[in-house]
Amino acid sequence: MGLPQLVIASFETAFNQYIALDPDAMPRFEDMEGKVIAIEITGINETLYLFPGMDGIMVMSGFDGAADTTLSGTPMALARLSLEKNALPVLFSGDVIISGDTRLGHQFKKILANLAIDWE
């Protein structure tokens, strides 16, 4: 069935607003421009496609091509992966699986984990 477009648009807006809290974050995504990151959310059988670039991350519920890297896991495991500075316990536990271009997957995770939020 898929997630409603309003939910996806809201997630994209919130995600980009969160990233924008770190003034240096957007340039870190420059190397990923043109890449596609699939996030497979197990348990609800949904896949979101992220298209990073200098201006933020576009989120879509569908994509006709093949993703460059895929991160698969439950919503809780994916949240833990993005929040923990050391992702190895989450990855080695098998809670989140990275396939395809694993370097890209680790780079994306590292950017999210190292966001320096300016709360002022």
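All of these numbers come straight from a predicted model, not from anything done at the bench.
Atom CG of Leu104 sits about 10.0 Å away from atom OG1 of Thr70, to the nearest 0.5 Å. How far CD1 of Ile37 is from CD of Gln107: 8.0 Å, rounded to the nearest 0.5 Å.
Among all heavy-atom pairs drawn from Phe29 and Pro52, the shortest one is CD2-CB, 3.9 Å. Residues Val59 and Ile8 share a closest heavy-atom pair of O-CG2, 3.5 Å. Residue Glu30 comes nearest to Met54 through the heavy atom pair CB-SD, 3.6 Å, listed as atom of the first residue, atom of the second, then distance. In this structure, Lys35 and Asp68 approach most closely via the heavy-atom pair CA-OD2, 3.1 Å.
Using bins of under 30°, 30° to 60° and over 60° for the plane-to-plane angle, the ring pair Phe63/Tyr49 lands in the tilted bin.
In terms of hydrophobic clustering, with Ile, Leu, Val, Met, Phe, Trp and Tyr side chains grouped at heavy-atom distances under 4.5 Å, Leu71 and Ile111 are assigned to a common cluster. Residues Val36 and Met32 do not share a hydrophobic cluster, clusters being chains of Ile/Leu/Val/Met/Phe/Trp/Tyr side chains in contact below 4.5 Å.
Counting heavy-atom neighbours within 6.0 Å of Asp24 CG, excluding the residue itself, gives a total above 12.
At least one side-chain heavy atom of Asn16 sits under 4.5 Å from a side-chain heavy atom of Ile57.
When the ring pair (Phe, Tyr, Trp, His ring centres under 6.0 Å) test is applied to Phe11, the partners found at least two apart in sequence or on another chain are Phe15.
Only one option out of Val96, Ile41, Ile44, Thr42 pairs with Thr74 in a side chain to side chain contact (heavy atoms under 4.5 Å, CB included); it is Thr42.
With Ser61 contributing its side chain and Leu48 its backbone, the two residues share no donor-acceptor pair below 3.5 Å.
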